[in-house]
Amino acid sequence: MKEHKIGIIMNGVTGRMGTNQHLMRSVLAIMKQGGVTLDNGDVIMPDPVLVGRNPDKLKKLTEMSGIENTTTDLDSVMNDDRYQIYFDAQTTGRRFDAVKKAIAAGKHVYCEKPVSVDVAEALELYRLCQENNIKNGVVQDKLWLPGLLKLKRLMENDFFGEILSVRGEFGYWVFEGHTIPAQRPSWNYKKEEDGGIIVDMLCHWRYVIDNLFGKVKAVSCLAATHIPERIDEKGNAYKCTADDSAYATFELENGVIAHFNSSWTVRVRRDDLLTLQVDGTKGSAVAGLRHCHIQHYGNTPKPVWNPDIEQPINFYDDWGKVPEQEPFDNAFKAQWELFLKHVVTDSPFPWDLMEGAKGVQLAELGLESSEKRQWLDVPPLK
Ligand SMILES: NC(=O)c1ccc[n+]([C@@H]2O[C@H](COP(=O)([O-])OP(=O)(O)OC[C@H]3O[C@@H](n4cnc5c(N)ncnc54)[C@H](O)[C@@H]3O)[C@@H](O)[C@H]2O)c1
């Protein structure tokens with residue numbers, strides 16, 4: 001058995017996503033399980049260096065993770081041959097310059113979404129990777145959520161018949177901070193800091209729709225900023241300049257209609273923070289993050305409209321829960337393992353920066369559609 005030690009520069013790892021999903025639940029979890037085992041018995045072992053601006057935060061990360069290799073000097077590790085991969089989970093606006101630098105230093109690149117703040121920059125990064133033989137990937141974590149994998153299995157087994165429509169309901173109440181502290185960073189609500197729910201979520205909906213239901217052909221989107229003022233991390237009031245809600249309809253090439261509501265200003269009375277309802281001629285499913293409920297044609301009740309009596313049907317009764325049929329890992333970790341394999345063995349990794357650029361494209365078109373109050377076609381990216 002051979003061990004392939006693979007150095008990873010982890011930048012933005014002091015942030016919410018960097019710490020929780022990418023360091024603790026992915027890279028550290030992979031190290032703790034003894035690496036990623038390949039078919040021939042070899043093992044890939046990550047060897048991360050944690051990069052941040054604040055030495056105190058890095059110290060805290062070391063205490064949490066046991067990883068002592070940290071630096072506040074990104075350049076010092078960028079040109080160090082021990083590191084083959086550059087990973088970026090910084091705020092979105094900082095990604096383009098950092099990834100470009102990593103490509104110039106010959107590092108393979110893996111990064112959070114959105115890849116960049118506009119399509120031109122995202123495509124430039126992809127082109128630079130192609131020209132310089134740089135392996136690249138973008139986080140598309142939702143594809144490995146147990147609930148969505150269960151949906152995929154149903155589709156593989158022709159559960160739905162012809163799929164007619166998909167309804168995505170995403171969101172929850174993000175506290176404004178005046179009394180109860182906010183649970184998301186303030187930059188999310190500021191346009192000038194590349195925030196906004198359209199930029200954030202339409203990237204996700206692009207790969208979820210493209211990979212599961214069909215290619216997105218056109219978009220109509222309405223953005224809203226329902227909450228005008230919030231309180232930041234330092235206790236100061238700020239004006240919300242970015243959209244906190246988006247009401248988007250997508251037309252797919254295969255005729256399926258997908259409608260996604262995304263909002264940080266709704267209260268949850270549904271199965272999960274994200275639910276996807278898929279309705280087909282033979283059956284329907286509602287997937288949450290982990291679970292999936294199904295109703296077949298034969299279980300479909302036949303309601304009759306009559307508001308003058310108590311509803312005689314309990315609509316939840318005729319749904320069944322998809323049981324656990326296979327093991328599921330953390331979604332971010334599952335994708336990390338595939339990227340590490342891709343770097344070491346050249347195994348396929350279709351979730352590259354071009355796919356990331358498509359997400360940025362849909363977000364851009366969503367914003368444009370909202371501004372123009374108009375349906376827009378989604379042209380192929382070159
Ligand atoms: N895949 C997902 O589901 C998902 C979910 C949330 C966020 N994200 C993406 O992850 C990225 C980070 O989001 P987050 O919620 O973790 O944000 P965050 O604010 O918690 O973290 C941002 C990180 O960027 C670093 N940073 C910010 N300004 C910097 C500067 N001037 N110099 C150096 N470093 C700086 C911070 O130190 C921190 O490490 C964003 O691009 C966001 O879109 C992805």
Side-chain angles (χ1 to χ4, degrees), residues 16-17 20-21 92 112-114 138-152 163 165-176 182-185 187-189 194-214 216 219-227 230 240 242-252 256-279 284-293 330-332 335 355-356 358-367 369-370 378:
R16 210 168 54 101
M17 297 308 292
N20 298 326
Q21 295 297 355
T92 311
E112 258 297 351
K113 50 51 65 180
V138 64
V139 174
Q140 302 203 327
D141 52 288
K142 307 289 175 272
L143 295 177
W144 288 270
L145 285 172
L148 270 68
L149 286 170
K150 287 172 185 170
L151 257 190
K152 193 171 166 215
I163 291 180
S165 66
V166 179
R167 282 142 216 265
E169 196 65 53
F170 164 84
Y172 46 94
W173 191 264
V174 175
F175 283 87
E176 305 91 317
Q183 70 270 43
R184 286 179 63 83
W187 66 265
N188 283 284
Y189 305 90
D194 308 306
I197 203 163
I198 291 189
V199 170
D200 194 353
M201 296 317 295
L202 263 61
C203 294
H204 287 297
W205 307 151
R206 177 75 192 255
Y207 68 75
V208 166
I209 296 172
D210 274 358
N211 281 277
L212 285 175
F213 306 114
V216 181
V219 55
S220 160
C221 181
L222 181 66
T225 306
H226 292 301
I227 304 280
R230 290 176 181 270
C240 301
D243 41 288
D244 57 21
S245 304
Y247 308 88
T249 310
F250 308 103
E251 190 185 0
L252 313 195
V256 172
I257 309 294
H259 181 86
F260 280 64
N261 291 322
S262 314
S263 179
W264 289 314
T265 59
V266 286
R267 297 183 179 83
V268 178
R269 194 169 194 270
R270 54 185 127 90
D271 291 343
D272 217 328
L273 300 189
L274 166 66
T275 53
L276 286 184
Q277 171 156 347
V278 181
D279 288 298
S284 296
V286 180
L289 304 184
R290 304 191 61 82
H291 300 293
C292 185
H293 289 85
N330 173 288
F332 290 83
Q335 200 185 358
E355 293 304 300
K358 288 184 189 173
V360 179
Q361 178 198 32
L362 192 63
E364 233 173 61
L365 289 170
L367 284 166
S369 159
S370 184
V378 180

Work out which heavy atom in Ile198 is nearest to a heavy atom in Ala246; give both atom names and the distance. CG1-CB, 3.6 Å
With sequence neighbours excluded, residues passing salt bridge (Lys or Arg N to Asp or Glu O under 4.0 Å) with Glu176: none
Taken in chain and number order and not counting sequence neighbours, the residues that satisfy salt bridge (Lys or Arg N to Asp or Glu O under 4.0 Å) with Glu355 are Lys358
Give, for atom CG of Asp272 and atom NE2 of His291, the distance between the pair rounded to the nearest 0.5 Å. 8.0 Å
With sequence neighbours left out, write down each residue that passes side-chain hydrogen bond (donor to acceptor under 3.5 Å, both in side chains) with Glu169, or none if nothing qualifies. Asn261
Rounding to 0.5 Å, atoms CZ (Phe260) and CG (Leu276) come to a distance of 5.0 Å
Who are the salt bridge (Lys or Arg N to Asp or Glu O under 4.0 Å) partners of Asp243, not counting sequence neighbours? Lys191
Going through the checks in order, is the side chain to side chain contact (heavy atoms under 4.5 Å, CB included) test met by Phe170 and Trp264? CA-CA 9 Å; Phe170 164 84; Trp264 289 314; 4.2 Å; yes
Taken in chain and number order and not counting sequence neighbours, the residues that satisfy side-chain contact (heavy atoms from CB on, under 4.5 Å) with Ala285 are Leu151, Leu154, Phe160, Cys292, Ile294
Nearest 0.5 angstrom please: Gln335 CD to Lys142 NZ, how far? 10.5 Å
Taking Thr249 for its side chain and His259 for its backbone only, find out whether a donor-acceptor pair lies under 3.5 Å. no
Run the side chain to side chain contact (heavy atoms under 4.5 Å, CB included) test on His293 and Asp271 for me, step by step, so that the C-alpha distance in whole Å, both residues' side-chain angles and the decisive distance to 0.1 Å come before the verdict. CA-CA 10 Å; His293 289 85; Asp271 291 343; 3.9 Å; yes
CD-OG distance between Glu251 and Ser220, expressed to the nearest 0.5 angstrom: 10.5 Å
Shortest non-hydrogen contact from Arg290 toward Pro146: O-CB, 3.6 Å
Using the side-chain contact (heavy atoms from CB on, under 4.5 Å) criterion, which residues pair with His226? Sequence neighbours excluded. Ala224, Asp244, Ser245, Tyr247, Thr265
Grab the two heavy atoms, one from Ser284 and one from Asp279, that are nearest each other, plus how far apart they are. OG-OD1, 2.6 Å
side-chain hydrogen bond (donor to acceptor under 3.5 Å, both in side chains) pairs touching residues 199-214, sequence neighbours excluded, are Lys113-Asp200, Lys113-His204, Arg184-Asp200, His204-Tyr207, Trp205-Ser262, Arg206-Asp210, Arg206-Gln361
State, to 0.1 Å, how close Gln140 and Gly356 come at their nearest heavy-atom pair, and which atoms those are. NE2-N, 4.3 Å
Partner residues of Gln21 under the side-chain contact (heavy atoms from CB on, under 4.5 Å) criterion, sequence neighbours left out: Met17, Arg25, Asn330, Phe332
If I take atom CG from residue Leu367 and atom SG from residue Cys221, how far apart are they, to the nearest 0.5 angstrom? 7.0 Å
Sorted by chain and residue number, the side-chain hydrogen bond (donor to acceptor under 3.5 Å, both in side chains) partners of Gln183 (sequence neighbours excluded) come out as none
Approximate separation, where rounding is to 0.5 Å, of Leu274 CG and Leu289 CG: 5.5 Å
Could you go through the side chain to side chain contact (heavy atoms under 4.5 Å, CB included) check for Phe250 and Val166 one step at a time? CA-CA 10 Å; Phe250 308 103; Val166 179; over 6 Å; no
Who are the ring-ring contact (aromatic ring centres under 6.0 Å, His included) partners of Trp187, not counting sequence neighbours? none
Would the distance check show the side chain of Arg230 and the main-chain N or O of Val174 forming a donor-acceptor pair, the cut-off being under 3.5 Å? yes
Going by the rule side-chain hydrogen bond (donor to acceptor under 3.5 Å, both in side chains), which residues pair with Glu364 if we only count those two or more places apart in sequence or in a different chain? none
Run the side chain to side chain contact (heavy atoms under 4.5 Å, CB included) test on Val219 and Leu362 for me, step by step, so that the C-alpha distance in whole Å, both residues' side-chain angles and the decisive distance to 0.1 Å come before the verdict. CA-CA 8 Å; Val219 55; Leu362 192 63; 4.2 Å; yes
